Amino acid sequence: MLRSLPFAPLRRRSGLLCLVIVVFVPCSVLVLISAPDLSQEQTLVQRLAELQAKLQHLDSMHQARQEEVHILSQHLGMLLTADGNNSSLYLPLSPEVKVLLQNLTGLQRGESSQLLHLPSIYHFLPHLLENPSSLRPAYCLSRGRTGISVVLGIPTVKREVQSYLLATLQNLIDSMTEQEAADSLIVVFIAEVDQEYVLQVARQIEAQFSERVESGLIEVISPPASFYPDMENLRETLGDPPERVRWRTKQNLDFAFLMMYSQPKATFYVQLEDDILAKKNFISTMKNYALQKISEKSPWFVLEFCQLGFIGKMFKCVELPWLVQFFLMFYNDKPVDWLLDHLIHTKICSLDKDSKHCKKAKSELWIHYKPSLFQHIGTHSSLKGKVQKLKDKQFGKVALYFPHKNPAATVESAIKHYKQYSLTRAYLGETFFWGLLPQPGDHLVFRFTTPLLIKHYLFRSGNAEHPSDRFYNTSVEVLPESSHAIFGKFDYNATSDGFVIIGKFDAMGVAEGTVDPQLGPISVLRLNVHSDSDNWAILSEINISSS
């Protein structure tokens, strides 16, 4: 005899009517009447959330255009009033034009022409009025990509010790799928007014990532000098020395400029830095989490994907004006991360509640995602003399080397290694090689126990924590077992001591390629350094494959 539980009330879930009936039958046989496919429902919910976010973004763009039309109509109204007062500043208007302007502006005869004006960027930065190009990038490398989901803002400045920018860009691109890359935009903001330096960095980016620049994934901009106020005449605040006040003031203005430029290009904006690592598929992870919160009707203002500083902070582009306005109001007063915290505090905290209540309320607008998607790798801050060793513990361990099983060989080098980071251990896959300041004529030699046909080789220099410790101007050379016989038949670029040059390290510190089988078995492979290095050098990956 069948027994059934009483019917539960019907529940509506995201527009789908769901009814679950559990029926008990003899012999412990359980029959389930299946509910709708939850995976399809979740996909639908996410898609609706994405459309909602994009619609909100388009609505904000429409409002911006309406504001421009409204301002224009106000000026036309002033023109109409001036003509009615027989002002000599304006040309006479025909009756038809007057009627048209009256209908457009809503200004009727006898009404006051006085307009109300809200504060604008010029109220907080009045010096911008002195130059009409103050709010226009001084340099812009762009293919005009818009309408995408995520724009990544990366400010960068000249660093005295070393730059991590190119390594950061490479890591971000390597961590994206092609689908993610097509739905994203990376805006590199070179926050310097020295145009020679700006062009130098822009050319490096364009040379290293030409395909990504051409596709529109990477844009490069820089600010005009007239955007900044007199940085030598700032108020000293928080008891900081003038140098630090200038540094954090400029940083606030840099963020504001970058956000204003990026705001109309995407649905979400993510603030990054130029010395970070990202986890694989970070774009999809961030986007899906944001859409999930939107579908849950969460009132979030910032999603935090890294616990450090201002790294990995996601905002809705439609809400960036709130943040920019706040930065412009208090750019001289406090650091950027403090200002963000104060804005959230102002929006949500109540004066008649205690700090515990405020903290809980803020957590609803400022949501932390775990584990972190970004890790800070830079050591030297853009502030002179400041060393930044903070790490996000929620990011997890970072791979500093990539082990491989290489052919039996004797290895040697005149480059002195640091501590236990020897070339022998690196070749065996136990760690990475870390050598002190390579000099011209230095070699890293791999002498194979038995000559072998090399199918493929890969040498990767630098690692996640020390991306600038690379091999530069270094060639990859091999010594064939029967070099004299080979050179008699084929034309190779060879050294004076009989080695054949088969490759070199590129700008990112990687040497990879194949060896011509016509060279026959190889007895020795070596890396030959041709110039001085300003940094130590790391080999984080050694992979020699034989056929």
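Model, not experiment: these values are computed from the prediction. Every heavy atom of this structure was used, including side-chain atoms; hydrogens, water molecules and symmetry mates were not.
Side-chain polar atoms of K287 and S149 form a donor-acceptor pair below 3.5 angstrom. D183 and Q179 share no side-chain donor-acceptor pair at under 3.5 Å. Using modelled atom types, one finds a donor on one side chain and an acceptor on the other under 3.5 Å when comparing Y261 with E219. With 3.5 Å as the limit, one finds a donor-acceptor pair spanning the side chains of E477 and S475. With 3.5 Å as the limit, one finds no donor-acceptor pair spanning the side chains of T474 and H530. A donor and an acceptor atom, one from each side chain of E180 and S284, are located under 3.5 Å apart. In the model, D497 has a side-chain atom that pairs as donor or acceptor with a side-chain atom of T495 under 3.5 Å. Y472 and D534 share no donor-acceptor pair across their side chains, judged by distance under 3.5 Å alone. Checked by atom type, the side-chain pair E465/N463 shows no donor-acceptor distance below 3.5 Å.
Among all heavy-atom pairs drawn from G216 and L185, the shortest one is O-CD1, 3.3 Å. Annotation for L479 and G498: closest pair CD1-O, 3.3 Å, computed over non-hydrogen atoms. Scanning both residues, A511 and V476, for their nearest heavy atoms gives CB-CG2, 3.7 Å. Residues F432 and L539 come closest through the heavy atom pair CB-O, 3.3 Å. The shortest non-hydrogen separation linking P223 to I190 is CD-O, 3.2 Å. R143 and E206 make their closest contact through NH2-OE2, 4.5 Å (heavy atoms, listed as atom of the first residue, atom of the second, distance).
With hydrogens and angles disregarded, no donor-acceptor distance shorter than 3.5 Å links the side chain of T431 to the backbone of A426. Of the possible donor and acceptor atoms, none in the side chain of K293 sits under 3.5 Å from a partner among the backbone N and O of L303. In this structure, the side chain of D240 does not engage the main chain of R244 through any donor-acceptor pair within 3.5 Å. Checking side-chain atoms of N543 against main-chain N and O of F459 turns up no donor-acceptor pair under 3.5 Å. With Y427 contributing its side chain and P407 its backbone, the two residues share a donor-acceptor pair below 3.5 Å. In terms of modelled atom types and a separation under 3.5 Å, the side chain of R212 and the main chain of L169 share no donor-acceptor contact. Under the 3.5 Å distance criterion, the side-chain polar atoms of S134 are left unmatched by any main-chain donor or acceptor of F227. R470 places a side-chain N or O within 3.5 Å of a backbone atom of A507 that can act as its donor or acceptor partner.
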- [ ] Dump the intermediate steps for side-chain contact (heavy atoms from CB on, under 4.5 Å) on I367 and F301, then the final yes or no.
- [x] CA-CA 8 Å; I367 301 175; F301 183 78; over 6 Å; no

- [ ] Show your reasoning for whether side-chain contact (heavy atoms from CB on, under 4.5 Å) applies to L253 and Y228.
- [x] CA-CA 8 Å; L253 294 173; Y228 300 100; 4.0 Å; yes

Task: side chain to side chain donor-acceptor pair (under 3.5 Å) between N406 and Y457, worked out - done: CA-CA 10 Å; N406 292 304; Y457 66 87; over 6 Å; no

Task: Trace of the side-chain contact (heavy atoms from CB on, under 4.5 Å) decision for R145 with K265 - done: CA-CA 7 Å; R145 178 179 286 195; K265 296 180 177 294; over 6 Å; no

Open item on the list: What verdict does the ring pair (Phe, Tyr, Trp, His ring centres under 6.0 Å) test give for F374 and F282, after you've listed the backbone C-alpha separation in whole Å, the side-chain angles of each residue and the deciding distance to 0.1 Å?
Closed with: CA-CA 9 Å; F374 304 98; F282 69 98; 5.5 Å; yes

Open item on the list: For a side chain to side chain donor-acceptor pair (under 3.5 Å) check, start with the C-alpha distance between D174 and Q170, then their side-chain angles and the critical distance, and finish with the verdict.
Closed with: CA-CA 6 Å; D174 290 344; Q170 186 68 61; 3.0 Å; yes

- [ ] Give the C-alpha distance, both sets of side-chain angles, the deciding distance and a yes or no for side-chain contact (heavy atoms from CB on, under 4.5 Å) between E541 and V510.
- [x] CA-CA 9 Å; E541 185 169 9; V510 177; over 6 Å; no

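For K316 and W300, the positive end sits near the middle of the six-membered ring, less than 6.0 Å away and at most 45° from its axis. The cationic atom of R425 (NZ for Lys, CZ for Arg) does not lie both less than 6.0 Å from the six-membered ring centre of F433 and within 45° of the ring axis.
When the options F315, F268, Y369 are evaluated for a ring pair (Phe, Tyr, Trp, His ring centres under 6.0 Å) with F305, the one that passes is Y369. Here the rule is side-chain contact (heavy atoms from CB on, under 4.5 Å) with V187, and of V220, I218, V151 only V151 fits it.
R246 has a carboxylate O that lies under 4.0 Å from a charged side-chain N of E232, or vice versa, which qualifies the two as a salt bridge. A salt bridge does not link R248 with D337: every distance from a Lys NZ or Arg NE/NH1/NH2 to an Asp or Glu carboxylate oxygen is 4.0 Å or more. Remark: E304 engages K313 in a salt bridge, criterion side-chain N to carboxylate O under 4.0 Å. Using a 4.0 Å cut-off between charged nitrogen and carboxylate oxygen, R159 and D275 count as a salt-bridge pair.
Between S184 and I148 there is no side-chain heavy-atom pair separated by less than 4.5 Å. Put simply, the side chain of I542 does not reach to within 4.5 Å of the side chain of F402, judged on heavy atoms. Side-chain contact between P480 and V500 is present, with heavy atoms from C-beta onward closer than 4.5 Å. Contact of the K250 side chain with the D254 side chain is registered, since non-hydrogen atoms from C-beta on lie closer than 4.5 Å. P467 has its side chain within reach of I377: a pair of non-hydrogen atoms, C-beta onward, lies under 4.5 Å apart.
Distance check: L165 CG to D274 CG gives 6.0 Å after rounding to the nearest 0.5 Å. Rounding to the nearest 0.5 Å places CD of E273 at 8.5 Å from CG of L308. To the nearest 0.5 Å, atom CG of residue L152 and atom OH of residue Y269 are 9.0 Å apart. Atom OG of S461 sits about 9.0 Å away from atom CG of D469, to the nearest 0.5 Å. Atom CG of residue L373 and atom CG of residue N281 lie 10.5 Å apart, to the nearest 0.5 angstrom. Residue L328 holds its CG atom at 13.5 Å from CZ of F255, rounded to the nearest 0.5 Å.
Within 6.0 Å of the CD atom in Q420, the count of heavy atoms belonging to other residues, nucleotides or ligands exceeds 12.
Separation of the W434 and H466 ring centroids falls under the 6.0 Å cut-off. For Y401 and Y421, the ring centers sit 6.0 Å or farther from each other.
Under the side chain to side chain donor-acceptor pair (under 3.5 Å) criterion, S531 pairs with N473, not counting sequence neighbours.
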Could you pull out all donor-acceptor pairs under 3.5 Å where a side-chain atom in residues 435-444 meets a protein atom, sequence neighbours excluded?
residue : atom : partner : partner atom : Å
Q439    : NE2  : L437    : O            : 3.0
D442    : OD2  : Q439    : N            : 2.7
H443    : NE2  : N528    : OD1          : 3.1

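Within the structure, ring pair (Phe, Tyr, Trp, His ring centres under 6.0 Å) contacts touching residues 172-202 (residues at least two apart or in different chains) are F189-F257.
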